[in-house]
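Order of listing sets the numbers, starting from 1, for every ligand and every atom in it.
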Amino acid sequence: MASFPTLPVEILHHIICHLDPISLIALSQTSAWLRGIIHPIRHDFNCRLLALELLPEHGGIVPLFRGRDNQLTPSWDSDEWRGNKYACCGCMKLLPHMMFDNHAILRAPYRKPPPGSIEAQRAGMTDWEPLQPSIRWKHIQSRTDHDREEQRIRRAAVSDRYRELVAPAGQPFARVSHDRAVAAEEEAERYLCGASRHRRRCLECKYQRGDWSKPGAQLGNKEAPIVVSRQRDFLRGWERYFTSLLVPLPPDRGPRTWKVYGVVSTGSPWTLYAARCPCCSSWHELSAFRQWPDAAEYRSRPEPPTSPLLCNDCHLKTHKSPTLLTRELSAGLLSMLRADQANYFRTLGYGWSTINRYFIHLNRSSLNRAGDFGPPHGILELAKCKSVGEEILGGLKWANILKDRIVYDVSNLPDLRRRLHRFRDFMNTELDEPTLAGVMDNNWFMFWVEDYELVEENYHWLQDVIDSIEGRPNLVLQHVQRRDPYMYHISGPASASR
Ligand SMILES: [Zn+2]
Ligand SMILES: [Zn+2]
């Protein structure tokens with residue numbers, strides 16, 4: 001198509017003004033004549049890229065983030081995040097979300113704007129005008145200044161509304177309504193959300209710009225920056241470092257654990273970190289550098305590396321020894337698995353001193369003494385208690401005279417399980433309701449009694465896994481080379497997709 005000979009240019013201008021940013025660039029690329037009329041500038045290419053990131057087939061989902069309680073929908077762990085991409089207006093690419101730090105995609109001005117927001121409406125139509133590029137640029141600048149002022153006013157309105165929430169003087173416990181403040185915040189979100197997306201930069205563009213050289217900006221060093229990234233839920237530490245390598249036991253086969261904030265049975269959040277390999281200049285999740293923490297420090301923030309970081313790929317290219325890499329990888333995994341297994345083994349020995357104390361109380365008939373430790377009521381015969389207590393505890397090896405822990409090894413596990421079953425039978429068949437409630441009025445002990453077999457099952461399962469890793473260490477290398485797309489596929493500048 002050389003031209004639109006039958007169409008007056010004024011009408012053509014009018015049509016072009018109503019295109020969306022993606023069609024504007026597409027039309028400008030159909031012929032030299034149209035390119036000469038449209039004359040796209042960098043701003044138009046930015047708008048096209050920012051419109052593309054809102055299309056599900058190019059950018060994936062538009063997550064919703066509520067700033068006042070940090071609620072993200074859908075969560076980082078959902079499948080929808082796997083293919084989610086964001087625009088970088090530095091290198092002009094749509095990149096996987098892992099190529100951006102948290103601020104670059106979660107702060108209100110940099111988020112993808114949800115439907116109904118001002119920015120989402122703008123992304124649907126070009127702001128192209130039939131003007132000389134220099135004059136257009138001045139228009140864009142003055143519109144940007146106007147938008148900035150509008151955003152400042154909106155933010156100030158939200159602050160004012162929240163200031164009104166302070167209780168009146170002399171009435172510190174007066175009820176105040178959050179409704180107006182929340183309404184102002186939601187209204188401001190409509191204007192702020194995504195309004196500065198054109199300033200969003202990926203990890204690599206920020207590196208090239210020197211952002212990661214500023215003090216406190218990241219956790220690594222100048223040569224190998226380490227940047228805080230997403231959070232995902234994992235049940236075990238080794239899952240965070242070797243995601244999807246092992247098929248874990250299903251959640252209902254995991255024993256419950258009691259934390260300060262409640263029962264944990266489905267995992268807890270672990271922070272991921274993105275680090276730049278100084279050798280290949282690519283960004284990877286920190287796991288790709290074999291920087292394993294000690295088992296006791298699983299959750300600590302990474303320290304600046306003392307030796308140069310070398311990603312798994314560069315390790316292979318530098319040392320040319322798959323055997324060496326395999327050894328390092330499997331040693332890291334095995335030490336985590338063994339630490340986990342040792343934890344289960346210790347757990348199997350926890351409850352015996354508590355059972356011993358219950359039977360001391362039962363045998364002395366001292367059940368109702370104020371402040372005493374033990375069940376609140378007792379209707380059992382002393383002789384019966386003594387014989388059952390002997391059946392459950394007799395012959396156990398105690399570590400000291402206080403009998404606060406037992407001494408046992410793997411060969412004792414079947415015997416311990418038999419004793420535990422006897423204790424459970426005793427509770428269920430021979431204790432009255434109030435006494436049983438008193439015995440189990442302790443969360444960790446209740447979980448220990450009820451989930452004992454699950455703990456033992458996990459202990460044996462981990463032993464099987466350890467045996468299989470020791471027998472086939474290449475499994476770990478093959479897994480790392482396959483690269484889990486979510487954990488490891490953080491594209492560097494050379495392989496970033498458009
Ligand atoms: Zn970039
Ligand atoms: Zn590398």
Side-chain angles (χ1 to χ4, degrees), residues 42-43 45-53 58-60 84-107 109-112 194 196-213 217-218 220-227 229 241 272-292 302 304-322 324-326 328-329 332 477 479-485 487-498:
R42 167 93 179 193
H43 169 80
F45 286 97
N46 277 350
C47 289
R48 169 186 174 272
L49 194 64
L50 295 173
L52 280 175
E53 84 165 5
H58 294 285
N84 206 17
K85 291 184 177 180
Y86 283 78
C88 171
C89 290
C91 56
M92 299 300 287
K93 288 171 181 167
L94 280 180
L95 297 171
H97 73 93
M98 292 290 277
M99 265 304 283
F100 296 86
D101 64 286
N102 291 334
H103 281 194
I105 60 175
L106 288 183
R107 282 188 61 199
Y110 301 128
R111 278 179 229 148
K112 289 183 184 177
S196 300
R197 287 186 300 154
H198 56 282
R199 295 217 302 266
R200 192 198 293 127
R201 297 292 182 269
C202 69
L203 291 169
E204 180 63 16
C205 285
K206 285 190 172 184
Y207 173 82
Q208 298 294 343
R209 200 168 64 181
D211 288 22
W212 305 129
S213 310
Q218 43 93 9
N221 52 39
K222 201 173 166 189
E223 293 71 36
I226 301 174
V227 180
S229 184
Y241 294 97
L272 307 183
Y273 298 91
R276 188 178 193 270
C277 175
C279 184
C280 63
S281 307
S282 291
W283 290 81
H284 303 265
E285 207 292 313
L286 196 58
S287 315
F289 297 91
R290 306 166 309 288
Q291 300 283 300
W292 328 120
T306 47
S307 54
L309 282 182
L310 206 58
C311 74
N312 290 329
D313 289 343
C314 292
H315 184 291
L316 273 177
K317 284 177 194 149
T318 305
H319 298 293
K320 299 190 176 13
S321 171
L324 180 64
L325 180 59
T326 301
E328 287 186 21
L329 289 168
L477 180 63
H479 167 75
V480 165
Q481 288 179 319
R482 267 202 314 274
R483 292 179 175 228
D484 176 271
M487 282 288 286
Y488 296 99
H489 186 67
I490 307 181
S491 305
S495 55
S497 61
R498 232 171 234 285

Rounded to the nearest 0.5 Å, what's the gap from NZ on Lys93 to CD on Glu204? Could you check?
-> 9.5 Å

Taking every heavy atom of Leu50 against every heavy atom of Arg197, the minimum-distance pair comes out as O-NH1, 2.9 Å

Would one find an N, O or S atom of Cys89, in either backbone or side chain, under 2.8 Å from the Zn ion (ligand 1)?
-> no

Of all the atoms in Cys280, is at least one N, O or S atom closer to the Zn ion (ligand 2) than 2.8 Å?
-> yes

Would His315 count as a contact for the Zn ion (ligand 2), in the sense that one of its N, O or S atoms lies under 2.8 Å from it?
-> no

Side-chain heavy-atom pair Leu203, Asp101 within 4.5 angstrom cut-off | yes

Please confirm if an N, O or S atom belonging to Cys311, backbone or side chain, lies less than 2.8 Å from the Zn ion (ligand 2).
-> yes

Angle subtended at the Zn ion (ligand 1) by SG of Cys205 and SG of Cys88, to 10 degrees?
-> 100°

Sub-4.5 Å side-chain heavy-atom contact between Asn312 and Leu329 = yes

Can you tell me if Glu285 uses its side chain to pair, donor with acceptor, with the backbone of Tyr273 under 3.5 Å?
-> yes

